[in-house]
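Scroll down for the structure; my scribbles are underneath it.
Quick note: numbers below take in every heavy atom, side chains included, and nothing from hydrogens, waters or symmetry partners. The chains referred to below are lettered A, B, ... by the order of the sequence lines, with proteins before strands, and numbering in each begins at 1.
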There are 2 protein chains.
Amino acid sequence: MMLSRASKYAILSTLYLAEHASENRKISVKVIAESIDVPSPFLAKLFQQLVKGKIISSTKGPNGGFYLTKKNQKKNVLDIIENIDGLNRINECFLGLSECDGTNPCPVHFIVEPFKNSILGKFRDKNIMEFSQEIVSKGRKLTIKDISTEINS
Amino acid sequence: MMLSRASKYAILSTLYLAEHASENRKISVKVIAESIDVPSPFLAKLFQQLVKGKIISSTKGPNGGFYLTKKNQKKNVLDIIENIDGLNRINECFLGLSECDGTNPCPVHFIVEPFKNSILGKFRDKNIMEFSQEIVSKGRKLTIKDISTEINS
DNA sequence: ATATATTAAGACCTTTTTATCTTTTATATA
DNA sequence: TATATAAAAGATAAAAAGGTCTTAATATAT
Ligand code: FES
Ligand code: FES
C-alpha cells in the first residue's frame, strides 16, 4: 500500500508535463526537475522508462524535451505506477501479510480497503489530462518550495 | 504514509505477545518468528529495541522470553511505530511533497487525510491489550500461512 | 556451583532503492 | 554540413533497509 519515491516523482512530473508541456512546448528534464524539486539525473532515468512505456514522449536535440501526445494524455496515473513499481507494491497488505484479502483480513484491513479502493479509483477513472485539469482547477500542488519562512539565526 | 517492514513486524509480534504471552508464559523470539513468519534474527533486534523503549519486556535464561507487563499493555500501536520508525514516516505526504498539510494539498491529500486520521485514531485510541482483544474477537489475522493450496506440478 | 537456555550487544553482510556520471545518438537550425 | 542541444544508454556509486552471525551477559533449574 505504498509508492516508491520513484513513482511519486514520475506521477508529479507527468502531471507537470500535462499542465505545462505540449507538442510545440517541450520541456527538458532539467527544468522539470527544478520545478518540482527532484534530482534531475534520477528523473531522467525515470523519464526514459516512461517513454519506453509510452506514457510520455520525447524528442532529442535543440528545442527537444518531454511532452504528452494525444495518446499519452489518455493514460492514467495507475499506468504510471504500474510502469515504475508494478502493481504488487500498491496492493500489499498495510501490515505486511502475504496477501491483502477480505477472507484473511489483518487487523486494519477493513479500514485500509475503502481507502485503497478510493485512491485506486482516483488513479484509474480519469486520464492524465482530466486529472491534471481537476487538480489545477482545485488548486492542488505538485511541489512545496520555500516552506522555510522560519526563524533563521 | 507508510510503515517500514521493521515496524510491521514489530506490530504483529507485539500483538502476538498480547494474545499469547504473560508474565508466567514468556515466549522466545524463535517461536514468535515462526508463528508470524518473520526472520528471527531480525525480529530479535527489533525486540531489543522495543524492550529499551519499554513497549515489551524480557527475561533471559531458561523459561525466559518476551511478554507484556501491565504497564506494557497500556502502550498503543502508535507507540510501537514511533519507537521503530519515528513519527515522520507515517505522516509523510502520499505523493512525496515536503509537507502534508491542508493548506498546500497535493492532488490526493483530501482522500488520504481522512484515512490517515482514521488509522492513526485506531492506533492511538486503544491500548495494546484492548486492540488485541478486539482483533481476536473479530477474527483478524496476524499471519497468513499456507496460502499455497494451489495447483502444483 | 554448574549447565543450560535465552536475551543483549554489536559487528557484519546483502539487497534494494536512490542518485550520479560519462558516453553515445538523434535532431533542429544556423 | 557543422554545431549545439537535448535525450538515451549504460556503468557506477552512495545510501538505506533488511537480514545474519558471533560472542557476551544473565537468569533459571538442577
Ligand atoms: S490491509 Fe492487511 S489484509 Fe488487507
Ligand atoms: S497527502 Fe499529499 S499533501 Fe497530504
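Atom CG in B/Leu3 sits roughly 17 Å away from atom C1' in D/dA16 (whole-Å rounding). The nearest whole Å value for the distance from the NZ atom in B/Lys30 to the P atom in D/dG19 is 19 Å. Distance CD (A/Gln48) to P (C/dA19): 16 Å, rounded to an integer number of Å. Between B/Glu23 atom CD and D/dT28 atom C1' there is a gap of 16 Å when expressed in whole angstrom units. Atom pair A/Leu43:CG and C/dT20:C1' shows a separation of 14 Å (rounding to whole Å applied). Rounded to whole Å, the distance from CZ on A/Arg5 to P on D/dA17 is 9 Å. Atom CD in A/Gln49 sits roughly 15 Å away from atom C1' in D/dA7 (whole-Å rounding). Between the P atom of C/dA8 and the CG atom of B/Leu50 lies a distance of 10 Å, rounded to the nearest Å.
Of the residues near DNA chain D, A/Val29 and B/Gly61, the one whose nearest nucleotide (by heavy atom distance) lies more toward the 5' end is A/Val29. Residues B/Pro62 and B/Lys52 each lie close to DNA chain C; by heavy-atom proximity, the contact nearer the 5' end of the strand is made by B/Pro62. Between B/Phe42 and B/Lys26, the residue anchored closer to the 5' end of DNA chain D is B/Phe42, taking for each the nucleotide with the nearest heavy atom. Taking the nucleotide of DNA chain C with the nearest heavy atom to each of A/Ser7 and A/Lys60, the more 5' of the two is matched to A/Ser7.
Distance check: A/Glu92 CD to A/Met2 CE gives 11.5 Å after rounding to the nearest 0.5 Å. Atom CD1 of A/Ile144 sits about 5.0 Å away from atom CG of B/Leu97, to the nearest 0.5 Å. Note: B/Lys8 NZ to B/Asp85 CG = 9.5 Å, rounded to the nearest 0.5 Å.
Closest to the A/Asn63 side chain, of the nucleotides C/dT7, D/dA8, C/dT29, is C/dT29.
Here B/Thr59 does not reach the OP1 or OP2 of C/dT7: none of its side-chain N or O atoms lies under 4.0 Å away. Between B/Ser58 and C/dA8, a side-chain N or O to OP1/OP2 separation shorter than 4.0 Å is present. In terms of phosphate contacts, A/Tyr9 brings no side-chain nitrogen or oxygen within less than 4.0 Å of OP1 or OP2 of C/dT18.
Looking at heavy-atom distances under 4.0 Å, B/Ala44 makes no contact with the nucleic acid at all. Residue B/Gly64 is in sugar-phosphate contact alone, with no base atom involved, counting any heavy-atom pair closer than 4.0 Å across all strands shown. Across all strands shown, A/Pro41 has heavy atoms under 4.0 Å from base atoms, whether or not it also approaches the sugar-phosphate. Residue contacts shown for A/Phe47 are absent, as no nucleic acid heavy atom lies under 4.0 Å away.
More than 12 heavy atoms of other shown residues, nucleotides or ligands fall within 6.0 angstrom of atom CG in A/Asn117.
Terminal axes of the helix from C/dA1-D/dT30 to C/dA30-D/dT1 (five pairs each, C1' rotation axis) are separated by 0°, to the nearest 10°.
Contact of B/Lys45 with C/dG10 (side chain to base): a donor-acceptor pair of N or O atoms is detected under 3.5 Å.
Under the 30°/60° scheme for interplanar angles, the aromatic rings of A/Phe115 and B/Phe115 are found to lie parallel.
No side-chain heavy atom of B/Val77 sits under 4.5 Å from any side-chain heavy atom of B/Thr14.
A cation-pi arrangement is present between A/Lys26 and A/Tyr67 under the rule of less than 6.0 angstrom and at most 45 degrees off the ring axis.
Formation of a donor-acceptor pair under 3.5 Å by the A/Ser7 side chain with backbone atoms of A/Leu3 is not found in this model.
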